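Please read the structure below before turning to the comments.
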There are 2 protein chains.
Amino acid sequence: MSEARNRILETATRLFYTEGIHTVGVDRIIAEAGVAKATFYHHFPSKDELVSAYLTTEYERQRGALSALPGEGVERIRTIFAKLAELSDGPGFRGCPFLNAAAEFADPAHPVRTIVGDYRDWFRGLMRSLLAEAGRADADRTAEFLLLLRDGVTVSGGLGDSTTVHTAVETAVGAVL
Amino acid sequence: MSEARNRILETATRLFYTEGIHTVGVDRIIAEAGVAKATFYHHFPSKDELVSAYLTTEYERQRGALSALPGEGVERIRTIFAKLAELSDGPGFRGCPFLNAAAEFADPAHPVRTIVGDYRDWFRGLMRSLLAEAGRADADRTAEFLLLLRDGVTVSGGLGDSTTVHTAVETAVGAVL
DNA sequence: ACTCTACCAGACAGGTCTGTCTAGTCTCAT
DNA sequence: ATGAGACTAGACAGACCTGTCTGGTAGAGT
């Protein structure tokens with residue numbers, strides 16, 4: 001992986017996440033990453049490709065972070081949601097990058113939306129398999145609810161209702177599991 | 001209320017909701033509303049003012065729609081969420097206009113974010129008062145969860161997981177209430 | 001030694017954005 | 001009938017957008 005490419009992607013990640021995708025221009029990324037414009041377009045054929053790379057990287061990062069968490073079955077789910085609530089309460093949290101991106105790209109056929117869909121499918125599948133592992137008969141329905149809960153946690157956390165998210169999550173997870 | 005102003009606001013509502021706020025330009029709204037540019041700026045001093053008007057109107061509309069629903073206490077909450085799930089399954093649904101707007105306006109101090117905050121405060125308060133009316137001791141915590149659930153429903157529904165939202169909501173509402 | 005690749009700086013094109021301004025029409029109340 | 005206010009059409013300014021292109025530097029592999 002090239003050094004300049006890394007800088008571009010990291011700068012884009014920071015700016016896209018904290019300020020939004022449409023509002024951050026390529027010139028700004030170039031300036032803050034300290035690269036030439038030609039270098040930018042050498043690594044990323046278009047801004048859209050950079051956006052896709054941003055979300056794909058984020059997808060892999062989150063998959064890695066959740067895979068590293070301990071526990072099995074339902075206990076693992078509890079751990080995941082506790083972590084999620086903790087993150088959404090932290091400084092600099094501005095919601096889920098995938099949901100924010102989806103809100104900015106209205107066309108469901110856009111590549112960005114495909115990545116968002118992939119992420120959600122993965123999360124839903126993870127919940128389902130953990131529930132099935134615990135021998136829960138209603139795995140499908142409950143997994144769907146947990147995905148929905150995940151959305152709610154990140155959205156609420158991102159809009160500033162961070163402290164109350166903890167108790168809300170405990171209520172929900174406790175009631176359903 | 002002026003006829004031209006109405007046309008502008010309705011066109012903006014349609015375009016902002018279905019395509020996003022930043023992606024829709026003033027010129028496009030003017031063309032589709034069939035008004036002159038001077039007329040537009042006569043009624044709305046800036047695009048931001050139009051955006052605020054769009055969200056304020058939407059706020060009032062939703063408040064009116066929910067107030068019209070029947071029932072009392074917990075039963076009313078069930079009705080509200082059933083309606084919400086139904087809407088989020090309908091054609092042309094593209095998520096919650098407030099959450100979508102908040103994702104596009106990253107600055108928490110922006111007027112748009114204030115309106116979004118107002119809307120959420122109102123919904124939370126409505127839930128709390130309905131729970132208190134039913135004599136629930138945990139009204140605060142449960143209201144917080146119901147706001148979170150509302151977020152999840154609109155987000156999931158807007159991203160195409162519409163049919164499964166119904167059962168997920170039933171599961172959640174049933175478990176908590 | 002030579003070439004290839006990554007990198008730099010920055011001008012440029014062509015388009016779109018918001019917002020202003022000129023100039024003129026129509027309606028209605030006084 | 002005159003003046004105010006809402007409207008129309010559209011040119012214009014100035015900023016910003018993405019993406020291309022020129023021209024040049026430095027290091028690494030063959």
Side-chain angles (χ1 to χ4, degrees), chain A residues 1-57 100-101 103-107 109-113 115, chain B residues 1-57 100-101 103-107 109-113 115:
Chain A
M1 185 81 80
S2 147
E3 181 56 38
R5 195 194 130 98
N6 256 353
R7 249 164 29 229
I8 294 168
L9 192 52
E10 270 169 30
T11 307
T13 299
R14 176 172 53 84
L15 294 177
F16 284 162
Y17 182 65
T18 58
E19 303 189 23
I21 295 172
H22 285 319
T23 53
V24 173
V26 165
D27 280 345
R28 174 102 180 279
I29 295 167
I30 284 165
E32 296 207 15
V35 299
K37 205 158 195 177
T39 306
F40 176 91
Y41 279 100
H42 171 74
H43 289 294
F44 302 96
S46 70
K47 186 188 175 183
D48 262 32
E49 295 279 337
L50 174 64
V51 175
S52 290
Y54 153 58
L55 289 175
T56 303
T57 307
N100 289 344
E104 290 204 62
F105 292 83
D107 180 10
H110 194 282
V112 160
R113 292 289 292 271
I115 301 172
Chain B
M1 185 81 81
S2 147
E3 180 57 36
R5 194 193 131 100
N6 256 353
R7 251 167 25 230
I8 294 168
L9 192 51
E10 270 168 30
T11 307
T13 298
R14 176 172 53 85
L15 293 177
F16 284 162
Y17 182 66
T18 57
E19 303 189 23
I21 295 172
H22 285 319
T23 53
V24 173
V26 165
D27 281 345
R28 173 99 182 280
I29 295 167
I30 284 165
E32 297 207 15
V35 299
K37 204 159 196 175
T39 306
F40 175 92
Y41 280 99
H42 171 74
H43 289 294
F44 302 98
S46 70
K47 186 188 176 182
D48 262 31
E49 295 280 336
L50 174 63
V51 175
S52 289
Y54 152 59
L55 288 176
T56 303
T57 307
N100 290 345
E104 289 203 62
F105 292 83
D107 179 10
H110 194 282
V112 159
R113 292 290 293 269
I115 302 172

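Predicted model, so just to flag it, every value in this text is computed and none were measured. Throughout, protein chains are lettered first and strands after them, A, B, ... in sequence-line order, and every chain is numbered starting at 1.
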**Rounded interatomic separation in angstrom, taking CD from B:E3 and P from D:dT8** = 10 Å
**Request:** Quickly work out the B:H42 NE2 to D:dA4 C1' distance and round it to whole Å.
**Result:** 11 Å
**Contact under 4.0 Å: A:T39 side-chain N or O vs C:dA6 OP1/OP2** = no
**Message:** How close do B:E104 and A:E104 get, counting heavy atoms only, and between which atoms?
**Reply:** CG-CG, 4.2 Å
**Fill in**
B:I8 CD1 to D:dA6 P, in whole Å, measures 12 Å
**Asked** Looking at the side chain of A:A36, which of C:dC8, C:dC7, D:dC7 is the nearest nucleotide?
**Response** C:dC8
**Message:** Can a donor-acceptor pair be found, under 3.5 Å and without considering hydrogens, that links the side chain of B:E19 to the backbone of B:V24?
**Reply:** no
**Request:** Summarise how protein sits on nucleotides 16-30 of chain D as a single string, 5' to 3': B when a protein heavy atom is under 4.0 Å from the base, S for sugar-phosphate-only contact, - for no contact.
**Result:** --BBBB---------
**Request:** Applying side chain to side chain donor-acceptor pair (under 3.5 Å), name anything that partners A:R7, two or more places apart in sequence or on another chain.
**Result:** none
**Complete:** note: A:R7, atom CZ; C:dA6, atom P; distance rounded to Å ~ 15 Å
**Item:** Set of ring-ring contact (aromatic ring centres under 6.0 Å, His included) partners for A:H110, sequence neighbours left out
**Value:** A:F105
**Request:** Take atom CD1 of B:I29 and atom P of C:dT16, then tell me their distance rounded to the nearest Å.
**Result:** 16 Å
**Request:** Mind listing the closest non-hydrogen atom pair of B:A101 and B:L55 along with its distance?
**Result:** CB-CD1, 3.8 Å
**From B:F16 atom CZ to B:L9 atom CG, the distance as rounded to the nearest 0.5 Å** = 9.5 Å
